[in-house]
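Heads up: the structure comes next, in C-alpha cells.
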Amino acid sequence: MVIKLADNIYSPLGVTTHQNYQAVIEGRCALRQYSLPDGSPYTASLFPEEQRGDGKYTFFEQLCITSASDAIARAGIDPASPRVRFFLSTTKGNVHLLAKCEETSSGCFDSAAENAERAMLGTSASIISKYFGNPNTPVVVSNACISGLSAQIAAVRSIEAGLCDTAVVIGCDTLSEFIISGFHCLHALSPTQCRPFDRDRCGLNLGEAAATIVYGNSAAMKPNSETWTVQGCAMCNDANHISGPSRTGEGSYRCLQTLDIDPSDLAFISVHGTSTLYNDEMESIAIDRAGLADVPLFSLKGIYGHTLGAAGVLETVLAMQAVEHGVVFGTRGFENIGVSRQVNVSAELRATDKRSFVKLLSGFGGCNAAMKFCYSDNLNISDEPCELEEQTYQHTIPSIRITPTADELVELYRKEVGDYPKFFKMDPLSRLGFIASELLLKKAPKADYGVLLFNRSSSMVDDIAFQQTIHDRANWFPSPALFVYTLPNIVTGEIAIRNHFLTETNFMVLDAPRADIMAEQIAIAAQYGPQLSGWCETAADGTNTAALIAVPQHSDKATVKQTLSDILF
Amino acid sequence: MEQLIQKLKQEIIEVLNLEDIKPDDIDANAPLFGTEGLGLDSIDALELIVLMEKNYGIRLQDPNQGKEIFKSISVMADYISKNRTK
C-alpha cells in the first residue's frame with residue numbers, strides 16, 4: 001500500500017498547500033489578461049515579472065526546488081538516501097531557453113550550447129535531484145497533459161515494486177512565448193477567464209505552478225492517524241486522434257471502469273475540465289457512461305488555468321485538501337450546463353462527508369489517466385506486496401534496432417509499410433517510432449501492447465523547428481502541426497492509433513540511455529500488460545536511434561535489461 | 001483564378017506534407033476534409049488558417065469559418081481572391 005507523506009503547491013496564489021487551499025476557498029485567482037505578439041489577447045495565471053528570471057537555477061528549476069523542499073521537509077525524509085527516487089512531471093521544462101540559443105551571450109548561461117543542453121529535460125531534472133543530493137537518476141515523465149498523473153502512477157508502482165521506499169513527484173511547467181503561442185495557433189485559448197462545462201465556454205487559460213507529492217510505503221505510516229492511500233491507477237489511450245479527444249470518451253471511460261468505483265463512496269471527481277468545447281464534452285460522456293453522472297465534479301482550471309505538467313499533481317493535492325476539509329470545490333466560471341450529459345457540476349462550494357475521490361485527466365496523443373485516493377485510518381489498510389519478479393525467465397523478447405537517416409526512414413516506409421499516408425504528416429520522432437514499431441510488430445506476437453518509450457532529447461528537433469516559426473516578429477506564424485509534435489508522447493499516440501491499442505501509453509525522458517532504469521519502468525508497466533517499449537531518439541544533430549522491444553506481460557526486469565543492453569548501444 | 005488554384009494546390013501539398021500527391025491529382029472541386037478527397041483533419045484545418053494569413057493576409061478569428069471556406073480548393077481560391085490583403 002502506498003501512502004502520501006507530504007505535499008506542496010507553489011503557485012501565484014501561495015507558496016504552501018495551505019495558502020493555496022485558502023485562496024481556492026476564498027475564490028481568489030491570479031488569472032489576468034495579456035497579449036501575444038500579434039495583438040491577440042489571452043488570459044493566464046502567471047507569476048509576477050519580478051519573480052521570474054534565471055540564475056544559477058532557471059526559474060523552472062527554482063519552482064521545482066522550492067516546492068519539493070517544502071514537501072520533503074514536511075515528509076521528514078532524507079532526500080539524499082538511495083532509497084528515494086525523484087519523478088519530474090513536465091511537458092516543456094526549460095524550453096524558453098531555446099529562444100536564447102541563437103544568441104551567444106543572453107540567457108542565464110554563457111553559451112548557446114549550454115542553453116541548449118539545459119533545455120534537455122533529463123539534464124534539468126538531474127540538476128534538481130542533485131540539489132537534494134539524491135544519488136539516483138531522476139525519471140522525467142512527459143506525457144502531455146496527463147504527465148502529472150502518469151508520474152504519480154510510475155512513482156506509486158515503483159514503491160509497490162520495492163524499487164524505492166519513498167518517491168518525490170514534482171510537477172511543473174512555466175509559460176513562455178513558446179507554449180502560449182502554440183496553444184494560440186491551435187485556437188485553444190480563451191481571451192477571457194475560462195468557463196469549464198459552461199455553455200459559453202470558448203477555450204482554456206494557461207497557468208504556471210509547481211506542485212509536489214511525496215509518497216512512501218506503509219512502513220512510513222504513523223499509527224492512529226488518518227492517511228491518504230492510493231487505491232487505484234489507470235491509463236488508457238483513445239487510439240483516435242493525436243490532438244482531438246475521442247467523441248465517445250473511450251479512454252477516460254475505460255480508465256474509470258478500471259478503477260472499479262462504487263459511486264456512493266466518492267466525495268467527487270476532480271476532472272480535467274479545461275474549458276475547451278471538446279474536452280469538457282468528452283469528459284461528461286465518459287463520466288456518464290461510467291455511471292458516475294450523479295457524483296459531484298469540479299474543475300480547478302477557472303482558478304489556476306491549465307498548469308500542464310503541474311496539473312495532475314496540483315489538482316490531486318487540492319482534492320485531498322477538499323476531502324480533509326469536507327468540501328467539494330465549486331467550478332469557477334461555470335454558470336449554465338454546456339455539455340450533452342447531465343453531470344453534477346456547480347459553481348458553489350458544497351459539503352461532503354465522503355473520504356474518497358477520483359482525479360481524471362486527458363491529453364494530446366490521445367492519452368487519459370485516472371487515479372483513486374482514499375483518506376482513512378490505518379486500521380483499514382492491508383498490505384498486499386507485489387514486488388517485481390527477481391527471477392529470470394527463460395524467454396526471449398523480440399527486439400529491433402534501427403539507425404536510419406530521414407531519407408532512409410521514407411525508404412523503409414515505402415518498402416515495409418506503404419499503406420499509411422499519415423506517415424508523411426508525422427514529425428521525425430513519430431516517423432522513427434512508427435517505422436520501428438511496424439518492423440518490430442511484424443516479428444512479435446500479436447497483442448494489445450501498451451506503449452512506453454524513452455529518449456534523451458524529448459521532442460527537441462520539433463521544439464527547434466517550432467521556435468523558428470515564432471522567432472521573427474515580422475514573420476510570426478506559429479505552426480499548429482509543429483506545436484502538437486513538440487509533445488514527445490505524440491509518437492506513442494501515433495503507434496496506438498495505427499494499431500488500435502486502447503492501452504497505457506507513456507513517454508519518459510532520461511539524461512542518457514540507461515538500460516537499468518528503463519528495464520525497471522518497463523517491467524513495472526509489463527505487470528499490467530504487454531509493452532511495446534524502448535529507446536526512440538531523434539537528436540538535434542540529425543542522428544536517429546530506435547531500439548524497441550515487444551515485452552510480454554509479467555516479463556522480469558533482468559531479461560528486459562539484458563535485451564535492452566544488447567540493442568541500446 | 002486558374003493560376004491561384006494551381007498555386008494553392010502547390011502550397012497545400014507543401015504545408016500539409018502531402019508527400020505522394022501531385023497538384024494534378026487534386027480535384028479543385030472535391031471536398032478537402034472527410035473521407036473523400038484529400039481526407040484532411042482538424043490540425044490540417046488550423047495549418048490552412050495559418051497559410052491564409054501568412055500568404056494572403058487573411059485572418060480568420062473563428063476556426064468555424066474554415067468549415068465553409070475550406071470546402072474545396074475552388075471555394076478557398078474564390079474566398080482568397082475576394083479577401084486577400086497581400
- Task: Check whether A:D38 gets within reach of chain B through its side chain, its backbone, both or neither, counting any heavy atom under 4.5 Å.
- Result: both
- Task: Count the heavy atoms of every other residue, nucleotide or ligand shown that sit under 6.0 Å from NZ of B:K7, and state whether that count exceeds 12.
- Result: yes
- Query: Can you say whether B:L60 sits under 4.5 Å from chain A via the side chain, the backbone, both, or neither, judging by heavy atoms?
  - Reply: backbone
- Message: With a 4.5 angstrom heavy-atom cut-off, is it the side chain or the backbone of B:D62 that approaches chain A, or both, or neither?
- Response: neither
- Message: Given heavy-atom pairs under 4.5 angstrom as the criterion, report whether the side chain, backbone, both or neither of B:I21 touches chain A.
- Response: neither
- For A:T276, which of A:D280, A:T274, A:N279 qualifies under side-chain hydrogen bond (donor to acceptor under 3.5 Å, both in side chains)? A:T274
- Would you mind checking which part of A:I242 comes under 4.5 Å of any heavy atom in chain B, side chain (CB onward), backbone (N, CA, C, O), both or neither? side chain
- Item | A:F424 ring center near A:Y413 ring center (under 6.0 Å) | yes
- Distance under 6.0 Å and angle within 45° of ring axis: A:R498 vs A:Y420: yes
- Task: For residues A:Y42 and A:F183, establish whether the separation of their ring centroids is below 6.0 Å.
- Result: no
